[in-house]
Amino acid sequence: MADYQAPLRDMRFVLNEVFDAPALWASLPKVAENVDPDTADAILEEAGKITSGVLAPLNREGDEQGCKWNDGEVSTPEGFREAYQTIVEGGWNGLGGNPEFGGMGMPKTLVAQFEEMMQAANMAFGLAPMLTAGACLALDAHGSQELKEKYLPNMYAGVWSGAMDLTEPHAGTDLGIIRTKAEPNGDGSFSVTGTKIFITWGEHDMADNIIHLVLAKLPDAPKGPKGISLFLVPKFEVNEDGSLGERNSLSCGSLEKKMGIKGSATCVMNFDGAKGWLVGEENKGLAAMFTMMNYERLGVGIQGIGAAEASLQSAREYALERIQSRAPTGAQQPEKAADPILVHPDVRRMLLTMKGYVEGGRAFSTYVAQWLDISKYSDDDERRKHAEGMVALLTPVAKAFLTDRGLDACIMGQQVFGGHGFIREWGQEQLVRDCRITQIYEGTNGIQALDLMGRKVVGSQGKLYELFAEDVAAFIEENSSDENLRPYLEPLAAAFERLSDVTEHVINQAGNNPDAVGAASVDYLDLFGLTALGYMWAKMVKAAAPKAEGDTSGFYSGKVKSARFYFDRLLPKTVALAEGIRSGSQSMMALTAEEF
Ligand SMILES: Cc1cc2nc3c(=O)[nH]c(=O)nc-3n(C[C@H](O)[C@H](O)[C@H](O)COP(=O)(O)OP(=O)(O)OC[C@H]3O[C@@H](n4cnc5c(N)ncnc54)[C@H](O)[C@@H]3O)c2cc1C
């Protein structure tokens, strides 16, 4: 297994050359106060060192040792506590946090790069800062001033970590039927009672306190999703002076044994009249959760790219070293018993497919992060509203497409190793196991597809889709006279026309057929994602092509050639997807239960 090296060159290319992030930051006054290109660069450099040097070396041991439960206490794999301390000391937990409460106020476009490095280096560990950041976001957006002052500074510092407690044994996708209850105590606090399952880092020994954000129902709450409230429930109560008080009545009942991310604790959490405080308004808990979900869901998409990047780095190195058979065109390295497997077209297909999804996915996550930054920080109402629309539309694509393709890429990386990919030693099998969860949690990918097709596209009668379509059309129009880009713009325009036609087709079908959306949704999200990455690759060609000639490093010329592969071999998959969607729901719904 190659040692993970943070892909800083590529991240700088995406940030500075493809998206001109420094110009974006300068246009957002609240961001400009905190970051300039030099600061951003120093952060990237340091993030690279910590993730490659501290987190990556613990990845395998973490997987082997796992977390251990002992009478409600959870101990983490060797080295995790020290690594967590390094993350705390570097202030990484609060990188994107609100400066009013001790966060660093860095834009998501930059934070996303750090997240990718952390998830690529050690996904199990990376979930702890990720969940803390998510909990902070929800608290910052919806908590009272008092709660924010009391909890956020220590959470941004990482001295206290955060957990999100939504899922119950009988309620995962359908949170409307949760049973956890919250009874008012009459002093502003509530007693929370119920059982939550699958709670990531719900209990552990790395932080002094764990702040749970728990979904529960008030007495007499309306049935369904409109009767859910959000509560902050700390492991230890916090005294007026900020010191830790009594142990709250919540405990970790057990840890799940699972397929991957074994270094992380996945907890059953029992709340037994635990003291909690309302976050936001009564019965508006799900809406409060959604604030943070756009960030978290992009973060999960980034986990997919991160795992795939780690897999690609190893597979590339292996393909250069492993010798098997001769190249079809004759011996390339006659002095050796056989040629490196990189000479074989099929091995190249796998590596280029991985590159297509990883590098295209990195650009896409940065593109979505850019809209998140504008939606959060712009002081221009219209610009902000436009960005909010883009975020709403693109978030499910980022979550599901990047994790689906992330797993595909990890499996290809494993395949490049042949039998050795199946063997523990090389690390590829762990990446496959770890990456698999990204398709499931934070809302399954099937549910992301329904969100995209049903709520966002059909729900807005195509208006949200139009925002994205206009952005792409403007790019095609602006660059129509660019000779370098022409061979990419034509297939991009064709793919967009296909996507737009299918969008209109499903919107029309949805009015007459209740199954139309569900039958189209997953293929539609795939079609959308492939086309959106085509757009990203065209943007990368625009930045790289003028520098490709005479490029001795191979960076820019490699980028342009990789783009050609994407357009020749991956984008055409949109034709088959469009055809399948047009066939409608009939064949999907025709079988009776017995016929299954
Ligand atoms: C390792 C791990 C860590 C996790 N971490 C957390 C955490 O920190 N906090 C937390 O609260 N939860 C966490 N979860 C829970 C996770 O978010 C849920 O497992 C996930 O949302 C799916 O819920 P479920 O498992 O109940 O599946 P179900 O909801 O039962 O779904 C089963 C299947 O039916 C499909 N389905 C369900 N409803 C529909 C529908 N309306 N239309 C179409 N298809 C549908 C789903 O897509 C899925 O394929 C974690 C889970 C795991 C395994």
Side-chain angles (χ1 to χ4, degrees), residues 62-63 66-67 74 119 123-135 138 161-180 192 194-204 210-216 224-225 228 230-231 233 250 252 254-269 271 285-286 288-290 292-293 296-297 299-300 303 307 396 399-400 403-404 433-455 514-525 585 588-589:
D63 182 56
C67 288
V74 173
Q119 304 298 351
M123 196 190 290
F125 179 96
L127 279 161
M130 179 175 164
L131 279 154
T132 304
S161 69
M164 310 296 302
D165 302 54
L166 288 69
T167 307
E168 299 183 7
H170 67 291
T173 302
D174 186 0
L175 292 167
I177 57 172
I178 60 166
R179 294 188 189 131
T180 299
V192 176
T195 296
K196 297 284 179 181
I197 62 164
F198 299 159
I199 307 308
T200 303
W201 289 117
E203 176 58 42
H204 60 88
I210 300 172
I211 313 304
H212 293 263
L213 288 191
V214 184
L215 288 183
I228 298 176
L230 181 64
F231 296 88
V233 186
L250 59 103
C252 172
S254 62
L255 293 183
E256 304 293 352
K257 292 191 170 52
K258 53 194 192 286
M259 172 181 178
I261 53 166
K262 292 185 181 199
S264 71
T266 306
C267 306
V268 173
M269 294 302 306
F271 296 85
L286 264 193
M289 276 288 177
F290 273 109
M292 135 283 175
M293 273 185 183
E296 291 280 282
R297 287 186 170 161
V300 175
Q303 289 189 312
K399 195 280 179 180
T403 57
D404 282 348
R433 284 187 291 106
D434 285 353
C435 191
R436 181 68 177 89
I437 186 59
T438 61
Q439 298 177 303
I440 298 172
Y441 60 18
E442 206 62 37
T444 62
N445 284 0
I447 295 299
Q448 303 302 319
L450 279 178
D451 181 42
L452 172 70
M453 180 92 261
R455 286 187 59 223
D515 286 323
V517 166
S521 54
V522 166
D523 287 338
Y524 180 78
L525 188 144
S585 65
M588 220 173 263
M589 304 312 289

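Along the sequence shown, residues carry numbers from 1. This one's a predicted model, so the numbers in the text were calculated from it and none came from an experiment. When a ligand or atom number is given, it counts from 1 through the structure's own listing order.
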Below 4.0 angstrom, counting only protein heavy atoms, does anything approach [atom]?
atom                    : value
atom 9 (N) of ligand 1  : yes
atom 32 (C) of ligand 1 : no
atom 13 (C) of ligand 1 : yes

Checking a contact table here: which protein heavy atom is nearest [atom], and how many Å away?
atom                    : answer
atom 18 (C) of ligand 1 : Thr167 OG1, 4.2 Å
atom 25 (O) of ligand 1 : Phe198 CE1, 4.2 Å
atom 36 (N) of ligand 1 : Ile447 CD1, 4.2 Å
atom 24 (P) of ligand 1 : Gly172 CA, 3.9 Å
atom 21 (O) of ligand 1 : Gly443 N, 4.0 Å

Tell me, do [X] and [Y] make a side-chain contact under 4.5 Å, heavy atoms counted?
X      : Y      : value
Asn445 : Val522 : no
Thr266 : Tyr441 : no
Thr180 : Leu215 : no
Met130 : Val300 : yes
Ile437 : Met259 : no
Met588 : Asp515 : no
Arg433 : Asp63  : yes
Arg436 : Gln439 : yes

_Walk me through whether Val268 and Ile199 qualify under side chain to side chain contact (heavy atoms under 4.5 Å, CB included)._
CA-CA 6 Å; Val268 173; Ile199 307 308; over 6 Å; no
Considering only heavy atoms of [X], which atoms of ligand 1 have at least one such atom less than 4.0 Å away?
X      : answer
Ile440 : 20 (C)
Ile437 : 1 (C), 2 (C), 52 (C), 53 (C)
Met164 : 7 (C), 8 (O), 9 (N), 10 (C), 11 (O)
Thr200 : 3 (C), 4 (C), 5 (N), 6 (C), 7 (C), 8 (O)

Between [X] and ligand 1, which residue portion shows a heavy-atom distance shorter than 4.0 Å: side chain, backbone, both, or neither?
X      : value
Leu450 : side chain
Thr444 : side chain
Leu166 : both
Glu442 : backbone

*asked:* Nearest non-hydrogen contact with atom 27 (O) of ligand 1 belongs to which option: Thr173, Leu131, Val522?
replied: Thr173
*Taking all atoms of both residues into account, what is the closest heavy-atom pair of Gln448 and Gly443, and its distance?*
NE2-O, 3.1 Å
_Shortest non-hydrogen separation from Ile197 to Glu168 and the atoms involved_ =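 Closest pair (atom of Ile197, atom of Glu168, distance): CG1-C, 3.7 Å.
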